[in-house]
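First the proteins, then the strands, lettered A, B, ... as listed; each starts at 1.
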Amino acid sequence: MPELPEVETVRAGLSKLLVGKTITEINFDWAKSFPNAPSDVDNFALHAKVTQVRRRAKVLMIDLSTDYSFVIHLKMTGQLVFRSANKNFGAGHPNNSLVGSLPDKSTRVIIEFSDSSTLFFNDQRKFGWVKLMPTTQIVELDFFKRVGPEPLTKEFTSKLFRQRAMRRKNSNIKSVLLDQSVLAGVGNIYADESLWGAKIHPSTPVIDISTRKLNVLRDEIVYVLQLSIDKGGSTDKNYVDAEGKKGSYMSFSRVFRREGLPCPRCGRIIIKTRVAGRGTHYCPGCQKPPKNN
DNA sequence: CACTTGACCTGTCCGC
DNA sequence: TGCGGACAGGTCAAGT
């Protein structure tokens, strides 16, 4: 589910809603969603205040006054939904929400605060997780050691993108964009969207893409990610923000989930195929396949 | 090494 | 209406 824009939207929402609140109780129903010992909760989370909510790549961090943090990965279907006291919306509430009253059958972790507000971690497919760990140890996680630059910082120059992409110069560009060690935060939606923007076929080996086109691709990545953040992310199936609201990027999508529809640039019919083991959308008119393919 | 496949899970959709 | 299979936005481990 969530890629950089969705996780960033959740982060911004939680930052407004949670900072300063004090944790009073934590419950969970699935050990893999929250693999900590109960004593960790007692010692490092109960009575702690939320100091900050951060994001790196697709990972969220909720920092606590105990110098511990919740490190959270939403994977495909994770949601973090906040409910203030006495505002547990029922199904059908006209608030642009996909979620009804909580907890529901997908709720894995429940964090309650001293003002009776609650944060629900829901995850239909149980791939996601919440881990409580010392804040300073987060950067020591293997994922954090390997992960590439944040695409929405000025560090992410055309030159850096080209250098890191060329580490996998013989690989197809789609799998390189999905490789979190090349750059952080791009997933299946924004890989397809940015490749369309740069008029590059997803199967093209990096080595066969000109410097000029790689520079365009870098700009398209930045463009689609920022546009999606402005739209509150993409809700294809499950994604909602911290208030349970859907994002609207999908109505701006040019190729993703638009198979069978005309390309907004050239009018050819968008094709869905499989590249790098993932469903992949592209326009056969303006994204020409590599010659030897 | 680099790439592909399978695993982790549940739910939905499609064809028979 | 039921059943089997394919598929879904992510990542990691194992296999080729």
Is it the case that the side chain of E3(A) and the backbone of G187(A) share a donor-acceptor pair, with hydrogens and angles ignored and the cut-off at 3.5 Å?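 The answer is yes, because a donor-acceptor pair under 3.5 Å joins these two groups.
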Return the set of residues passing side chain to side chain contact (heavy atoms under 4.5 Å, CB included) with [X] (not counting sequence neighbours), or none when no residue passes.
X       : result
D63(A)  : T51(A), Q52(A), R54(A), M61(A), S69(A), T135(A)
P262(A) : none
K16(A)  : none
D104(A) : L102(A), S106(A), T107(A), N122(A)

Could you label the plane-to-plane angle of the Y249(A) and Y190(A) rings as parallel, tilted or perpendicular, counting under 30° as parallel and over 60° as perpendicular?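 Aromatic pair Y249(A)/Y190(A) classed perpendicular.
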Pick the [atom1] atom in [N] and in [M], then give their distance to the nearest Å.
N       : M      : atom1 : value
dT5(B)  : dA6(C) : C1'   : 16 Å
dC9(B)  : dG2(C) : P     : 27 Å
dG10(C) : dC1(B) : P     : 27 Å

Within [range] or reaching into it, pairs that qualify as salt bridge (Lys or Arg N to Asp or Glu O under 4.0 Å) - sequence neighbours excluded:
range                       : answer
residues 209-226 of chain A : none
residues 27-45 of chain A   : D29(A)-R108(A)
residues 162-190 of chain A : R168(A)-D179(A), K174(A)-D192(A)

Length of the [atom1]-[atom2] vector between [X] and [N], whole Å:
X       : N       : atom1 : atom2 : value
K174(A) : dT4(B)  : NZ    : P     : 13 Å
D179(A) : dG10(C) : CG    : C1'   : 13 Å
L183(A) : dT11(C) : CG    : C1'   : 15 Å
R125(A) : dG9(C)  : CZ    : C1'   : 9 Å
L225(A) : dG9(C)  : CG    : P     : 16 Å
F121(A) : dC9(B)  : CZ    : C1'   : 13 Å
W129(A) : dT11(C) : CH2   : P     : 10 Å
R167(A) : dC1(B)  : CZ    : C1'   : 14 Å

Regarding [X], tell me which of base, sugar-phosphate or nothing describes its non-hydrogen contacts under 4.0 Å with the strands shown.
X       : value
D123(A) : nothing
W30(A)  : sugar-phosphate
R257(A) : sugar-phosphate
S106(A) : nothing
D236(A) : base

Determine whether the aromatic ring of Y239(A) stacks with the base of dG9(C), defined as ring centroids separated by less than 5.5 Å and ring planes inclined by less than 30°.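 Y239(A) vs dG9(C): stacking no.
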Stacking between F127(A) and the base of dC8(B) (centre distance under 5.5 Å, interplanar angle under 30°)?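 F127(A) ring centre within cut-off of dC8(B) base, planes near parallel; stacks.
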Can you give me the N/O atom pairs linking the protein to nucleotides 11-15 of chain B at distances under 3.5 Å, or say none if there are none?
| residue | atom | partner | partner atom | Å |
| --- | --- | --- | --- | --- |
| dG11(B) | OP1 | K105(A) | NZ | 3.1 |
| dG11(B) | O4' | Q124(A) | OE1 | 3.3 |

Please give me every residue in residues 273-281 of chain A whose heavy atoms get under 4.0 Å of an atom in DNA chain C, ordered by residue number.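 Residues of residues 273-281 of chain A under 4.0 Å from DNA chain C: R274(A), R278(A), G279(A).
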Side chains of L46(A) and T24(A): closer than 4.5 Å at any heavy-atom pair?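 Not touching, per the 4.5 Å side-chain cut-off.
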Quick one: do Y282(A) and I221(A) end up in the same hydrophobic cluster if we chain Ile, Leu, Val, Met, Phe, Trp and Tyr together by side-chain heavy atoms under 4.5 Å apart?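 No.
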Out of curiosity, does W129(A) fall in the hydrophobic cluster containing V41(A) (side-chain heavy atoms, cut-off under 4.5 Å, transitive links)?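 No.
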Where do N or O atoms of nucleotides 12-16 of chain C meet protein N or O atoms at under 3.5 Å, pair by pair?
| residue | atom | partner | partner atom | Å |
| --- | --- | --- | --- | --- |
| dC12(C) | OP2 | R146(A) | NH2 | 2.8 |

Presence of H73(A) side-chain N/O under 4.0 Å of dG10(C) phosphate oxygens OP1/OP2: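 No, no such contact exists.
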Taking only N and O in the side chain of K126(A), is any of them less than 4.0 Å away from OP1 or OP2 of dT10(B)?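 So the side chain of K126(A) is within the cut-off, an N or O lying under 4.0 Å from OP1 or OP2 of dT10(B).
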Looking at W196(A), is K199(A) sitting on its ring face, NZ or CZ under 6.0 Å from the six-membered ring centre and within 45 degrees of the normal?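 No, K199(A) and W196(A) do not form such a contact.
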Residue whose nearest DNA chain C nucleotide is more 5′ - K58(A) or K272(A):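 The residue closer to the strand's 5' end, by nearest nucleotide, is K272(A).
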Check this for me, if you would: do R55(A) and E150(A) make a salt bridge, where the nitrogen-to-carboxylate-oxygen distance has to be below 4.0 angstrom?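 The answer is yes: the pair qualifies as a salt bridge.
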What residues, two or more places apart in sequence or in another chain, satisfy salt bridge (charged side-chain N to carboxylate O under 4.0 Å, His left out) together with E112(A)?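 Per chain and number, E112(A) pairs via salt bridge (charged side-chain N to carboxylate O under 4.0 Å, His left out) with no residue.
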Using Watson-Crick and G-U wobble pairs whose two distances are both under 3.5 Å, how do you write the pairing of DNA chain B as dot-bracket, with | for links to another strand? .|||||||.|||||||
